[in-house]
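Comments concern the structure below.
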Amino acid sequence: MSSTPLKIDPARASALVSQLQSVQDRILAVAKGRPVRLVAVSKLKPANDILALHQAPQVQHAHFGENYAQELQQKAELLPRSIQWHFIGGLQTTHCKSLARIPNLWAVSSLDTLKKAQTLNRVRGEVISSDPSIPKLNVHVQVNTSGEESKSGCSPGQETVDLCKAIVTECPHLNLLGLMTIGAIARSKATTPENENEDFVVLREQRDLVEKELGLDKGSLELSMGMSEDFEGAIAMGSGEVRVGSTIFGERGSRQDAKLVV
Ligand SMILES: *Cc1c(COP(=O)(O)O)cnc(C)c1O
């Protein structure tokens with residue numbers, strides 16, 4: 001923790017808690033008893049908001065997602081070690097070292113090349129050998145299910161299978177949790193529990209393919225899919241992790257206006 005404690009505005013804290021609880025209730029209503037992890041996406045939101053949700057006795061939320069490596073690093077230094085961080089943004093090879101050194105980085109969900117996997121694995125291995133209490137780093141392989149040029153991620157098929165295989169066989173300090181997709185915005189807006197999102201169909205097929213090709217038990221890999229617009233539909237299709245930002249924290253401002261601490 002920083003030496004000057006972060007201020008928590010009680011009105012802001014109670015609004016955040018009720019928004020998070022309402023998302024949790026909506027998750028429970030569609031999950032039918034299956035566990036679904038809620039990652040609260042706090043990118044561009046101040047550390048005070050995160051602490052408010054982490055400290056609130058009613059929720060004690062631990063899983064938070066960030067998109068920018070430097071912002072995650074700064075927040076991790078400022079906030080309690082009990083937070084479980086997720087890196088979900090576009091991953092650069094140059095950021096893999098600093099990310100892998102964050103002891104309470106729980107997962108990287110945007111892994112898309114072997115080189116980045118090898119860097120994360122090597123650096124996490126160094127961290128673990130100096131402090132064996134630090135766990136392996138969980139990863140999701142990101143799949144570009146919509147084929148949009150603007151989206152990162154492996155192509156469905158061989159590229160996805162090969163990267164997953166390399167993580168499992170060559171990266172002892174990484175733990176492959178499953179696959180992640182962002183998907184096309186238009187498909188996201190059209191998603192309802194009745195109207196299946198094509199990106200989610202592709203991700204589920206890729207998960208089945210990877211399990212088969214790697215000889216893993218069925219259901220051993222999870223799907224990270226679903227955001228504010230479409231998380232209920234994603235859960236109906238088998239998602240094990242949803243990443244929800246604006247429904248919890250409100251609309252995001254621009255990156256220039258973002259403040260680390262308010
Ligand atoms: C920003 C972001 C989210 C959350 O989006 P909301 O629409 O605010 O819920 C989820 N996943 C990724 C990869 C993101 O970048």
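Indexing begins at 1, ligand by ligand and atom by atom, following the structure's order. Residues take their numbers from the sequence shown, with the count starting at 1.
The protein atom (non-hydrogen) at minimum distance from atom 11 (N) of ligand 1 is Arg243 NE, 2.9 Å. Residue, atom and distance of the protein heavy atom nearest to atom 10 (C) of ligand 1 are Met227 SD, 3.2 Å. The single protein non-hydrogen atom nearest to atom 2 (C) of ligand 1 is Lys43 NZ, 2.5 Å, given as residue, atom name and distance. Looking only at protein heavy atoms, the nearest one to atom 9 (O) of ligand 1 is Ser228 OG, 2.6 Å. With respect to atom 5 (O) of ligand 1, the closest heavy atom belonging to the protein is Arg252 NH2, 3.9 Å.
There is no side-chain donor-acceptor pair under 3.5 Å between Ser109 and Gln142. Side-chain polar atoms of Arg243 and Ser224 form a donor-acceptor pair below 3.5 angstrom.
A cation-pi arrangement is absent between Arg26 and Phe231, since the terminal nitrogen or guanidinium carbon is not both under 6.0 Å from the aromatic centre and inside a 45° cone about the axis.
Contact check on Lys43 versus Glu71 returns no salt bridge, with no Lys/Arg side-chain nitrogen under 4.0 Å from an Asp/Glu carboxylate oxygen. The pair Glu222-Arg37 meets the salt-bridge criterion, with a side-chain N (NZ, NE, NH1 or NH2) lying under 4.0 Å from an Asp/Glu carboxylate O. The residues Asp112 and Lys116 are annotated as salt-bridged, a charged nitrogen and a carboxylate oxygen being separated by less than 4.0 angstrom.
Heavy-atom proximity to Ile88, at under 4.0 Å, picks out these atoms of ligand 1: 11 (N), 12 (C), 13 (C), 14 (C). Counting the atoms of ligand 1 from 1 in the order shown, those under 4.0 Å from a heavy atom of Asn67 are 14 (C), 15 (O). Taking every non-hydrogen atom of Val244 and a distance limit under 4.0 Å, the qualifying atoms of ligand 1 come out as 9 (O). Residue-ligand proximity, Ile182 to ligand 1, at heavy-atom distances under 4.0 Å covers atoms 13 (C).
No N or O atom of Thr247 sits closer than 3.5 Å to an N or O atom of ligand 1. Residue-to-ligand polar distances place Gly245 within reach of ligand 1: an N/O pair is separated by less than 3.5 Å. By the 3.5 Å distance cut-off applied to N or O atoms, Glu229 is not counted among the residues near ligand 1.
Partner Leu16 forms a side chain to side chain contact (heavy atoms under 4.5 Å, CB included) with one of Ile8, Asp49, Asp9 and no other, that one being Asp49.
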Q: Please assess Asp25 against Ser22 for the test side chain to side chain donor-acceptor pair (under 3.5 Å), listing each intermediate value before the final yes or no.
A: CA-CA 5 Å; Asp25 291 345; Ser22 126; over 6 Å; no
